[in-house]
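Following: one structure in C-alpha cells, then a few remarks.
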There are 2 protein chains.
Amino acid sequence: MGPKYSSSRENYLKAIFHLQEIHGTVTTNDVANELQTRPASVTDMLKKLKAQKLLLYEKYKGFKLNTEGRKVALQIIRKHRLWEYFLVEKLRFGWDEVHEIAEELEHISSKKLIDRLDEFLGFPKSDPHGDPIPDSQGRWTLTRQVDLLNLPINQMAEVSGIGDQSAEILELLNHKHIALGTRLEVKKKFAFDNSIELKIKNQSPVTISEHVAKNVFVKYDE
Amino acid sequence: MGPKYSSSRENYLKAIFHLQEIHGTVTTNDVANELQTRPASVTDMLKKLKAQKLLLYEKYKGFKLNTEGRKVALQIIRKHRLWEYFLVEKLRFGWDEVHEIAEELEHISSKKLIDRLDEFLGFPKSDPHGDPIPDSQGRWTLTRQVDLLNLPINQMAEVSGIGDQSAEILELLNHKHIALGTRLEVKKKFAFDNSIELKIKNQSPVTISEHVAKNVFVKYDE
DNA sequence: TTTATTTTTTAGATTTGTCTAAATTTTATT
DNA sequence: AATAAAATTTAGACAAATCTAAAAAATAAA
C-alpha cells in the first residue's frame, strides 16, 4: 500500500499545524505564504482536507485541524525531526543543511521504518535545532533541548548533557560548579566573542567561552 | 531544487534498464507488465522520456536507454540498494521486507545524502540480496555476493565472508577446509533438508547443513 | 499471401494539484 | 453607515500521469 496522504496534503497539514500552534486559528493567506503558493490553491486543498475529515473549516471563517488532522501532522513532524537527527548525528551533516533533505524524507510512509529509526537513534527527545520529537503515539515532552549558545536569555534551564566528554572540559565545568542537573540561566551574551554570563542560584555570576557553551546542553519547558 | 525527474519517470527508467539487461531490447508490453500498468500508459511515457533524451525510441520498433538514461537508472539502483543495505544492517529489517520501503527511499533526490550514506555503511559492494551496488560514478563490480544457499549450481565462487563469527562454525569450516578465499562450487542441493554438497578442487565432495550454508558468503563474477 | 492475432499507438477522458482572473465576503476607514 | 481595501472563494484552465476504447502496425497462421 502506498502513502495514506499525498506529499502535498501532508505539507498542508504540517503548515496548518505549525500556524495554529502560533496563532490558535489559521487563515488562507497565512498558509499560502507559508507554503509559497496561491490563496486559491489553499482554498482548493482546504476543501479536500475537510472532505477527508482532517480539518474544521467553514468558508470565509478561519479553520483548524481536528483531532485526526493533528494526529497526522504530528507523525509527519516526528518523521521530519528524526530524519534530521539521523542526518546530523549519523551522517555528519551540519544542522543548517538538513532541513531540505528532511522535507523529502518525512513523506516516506512506513511506520515500522520510522519506529526502527527512532530506536536506532536511541529515542532522541529533541532534533538538532532543539525542537521536541513526538513519540510514536504523537506525544511529546514539552522540554526543549539546546546548547547554551541557543538558550534564550533569562530562561531557567537544567543541564542535561555535555557534548565533548574530555577530562579538560569536565574539570573546567566542575570548577564553575556546573554539572548534570544544575539549574541555571543566561544573563548576558557578549557579541564580541560569543562568551556568555551565567547565573546559578546562590552563586555569583560566571562567564564561559563560546567553545564551552557549545558543549553544554540544557533542557527547559516552554 | 526538487528532484530532476518524477518518481514515475524514475520507475520507468529503472524498469527499462532491468529489462534490457535481460533481453537486450525492450517492448511496451514488457514494461507494462513489469510496472503493473497499461501499454497505453507506457507509450505515453516513452514519448516523454524520448523528448527528455533519455531513450532511443522509434514507434512500433523496440526501445532502449541511451547513455544518459542508463546513467540515471544506475543512480536509482544505487540508491535503492544502499537503502536496502541500511535497512537490513542498521535497522535490523529482514532482507525480505525491505524492498517496498526502498522503492520509496530511492526517489529521495539529494546526491550528498546518498554519498554520505554510502560512506556511513562502509561502501558496501552488494545489497542484502547479493546484487551489486553501483558506486557514485555508476560503475559496479561485476561480482555478486550471496550465501551458499543462493549460489547457483555449478557456479565457481570464492568464499568472501562468514556470517556467524562463533568459534563453533569456524571449527567446523576449518575441518572441512573452507576458509576465506577458498574456491568452490555447489554440486547438489537436497530439497529434503536444504543441505548442500560442495566441491573444492582436488578434494572429495563435502556436505554442509542449511544452517552452515546460510552463514557462508561467497562472491562470483557474472 | 491473405487472414487472423497480437502488439502498439492514438484519441479522448479522468484525477490531482496547481494557476489566473473575476466575483464574493469580510474587515477597515472615513 | 457607506465606501474602500483586503481576504477569500469560485470559475475555468493547464500539466502530469493515468485510463478505456478504437485504430493502426507488426507478426503469426492458415
Side-chain angles (χ1 to χ4, degrees), chain A residues 1-16 19-20 22-65 69 72 76 103-104 106-107 109, chain B residues 1-16 19-20 22-65 69 72 76 103-104 106-107 109:
Chain A
M1 45 162 176
K4 215 161 174 181
Y5 307 103
S6 73
S7 292
S8 181
R9 275 163 158 70
E10 292 192 343
N11 285 334
Y12 275 92
L13 292 173
K14 200 175 46 145
I16 295 168
L19 292 167
Q20 77 182 28
I22 302 170
H23 301 113
T25 184
V26 188
T27 70
T28 305
N29 266 355
D30 277 354
V31 176
N33 192 56
E34 177 93 357
L35 293 179
Q36 296 289 46
T37 184
R38 296 294 171 172
S41 311
V42 176
T43 304
D44 290 342
M45 184 59 85
L46 293 179
K47 289 191 214 159
K48 293 172 193 162
L49 294 177
K50 186 189 179 183
Q52 267 177 116
K53 296 198 200 307
L54 297 166
L55 191 69
L56 303 171
Y57 166 60
E58 296 302 330
K59 61 181 183 175
Y60 291 110
K61 323 274 169 172
F63 46 92
K64 52 161 73 167
L65 300 178
V72 175
I76 303 159
E103 286 289 301
E104 283 188 64
E106 73 189 6
H107 301 297
S109 58
Chain B
M1 40 158 180
K4 215 163 177 181
Y5 308 103
S6 72
S7 293
S8 180
R9 276 162 156 71
E10 293 191 343
N11 286 333
Y12 275 92
L13 292 173
K14 199 174 48 142
I16 296 168
L19 292 168
Q20 76 183 29
I22 303 171
H23 302 114
T25 184
V26 189
T27 70
T28 305
N29 267 354
D30 277 354
V31 176
N33 192 56
E34 177 93 357
L35 293 179
Q36 297 288 48
T37 185
R38 297 293 172 171
S41 310
V42 176
T43 303
D44 290 342
M45 186 58 85
L46 293 179
K47 289 192 215 158
K48 292 173 195 164
L49 294 177
K50 186 189 179 182
Q52 267 177 117
K53 296 200 200 306
L54 298 166
L55 191 68
L56 304 171
Y57 165 60
E58 295 302 330
K59 61 182 182 174
Y60 290 109
K61 324 273 168 169
F63 47 91
K64 53 161 72 166
L65 300 178
V72 176
I76 303 160
E103 286 289 301
E104 283 188 63
E106 72 189 5
H107 301 297
S109 58

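Note: hydrogens, waters and symmetry copies are ignored here, and every other heavy atom, side chains too, is used. So you know, we letter chains A, B, ... as the sequences are listed, proteins then strands, and number each from 1. Here the structure is a predicted model, which means the values were calculated and not measured.
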Starting from P on C:dT9, measure out to CE on B:M45 and report it in whole angstrom.
14 Å
Distance, rounded to the nearest Å, where A:H107 contributes NE2 and C:dT16 contributes P
18 Å
Closer than 4.0 Å, any side-chain N/O of A:S8 to the OP1 or OP2 of C:dT16?
no
From CG (B:L55) to CZ (B:R9), nearest 0.5 Å:
11.5 Å
B:Q52 atom CD is separated from D:dA15 atom C1', nearest whole Å, by 14 Å
From A:E34 atom CD to A:N11 atom CG, the distance as rounded to the nearest 0.5 Å
10.5 Å
B:H107 backbone acceptor or donor facing B:E10 side chain under 3.5 Å:
no
How close do A:Y12 and A:T37 get, counting heavy atoms only, and between which atoms?
OH-CG2, 3.9 Å
Would you please say whether a donor-acceptor pair under 3.5 Å links the side chains of B:E104 and A:S109?
yes
Answer yes or no: does a side-chain N or O of B:K48 lie under 4.0 Å from OP1 or OP2 of D:dA17?
yes
Any chance you could measure A:R38, atom CZ, to A:T28, atom OG1, to the nearest 0.5 Å?
14.5 Å
Check whether any side-chain nitrogen or oxygen of A:Y5 sits under 4.0 Å from OP1 or OP2 of C:dG17, and answer yes or no.
no
Which of D:dT20, D:dA17, C:dC19 is nearest the side chain of B:R38? It is D:dT20
Examine C:dT18: is either OP1 or OP2 under 4.0 Å from a nitrogen or oxygen in the side chain of A:T37? Give yes or no.
no
Where along nucleotides 3-10 of chain D does protein come under 4.0 Å, by heavy atom, of base (B) or sugar-phosphate alone (S), with - for untouched nucleotides?
----SBBB
Within less than 4.0 Å of OP1 or OP2 of D:dA17, is there a side-chain N or O belonging to B:S6?
yes
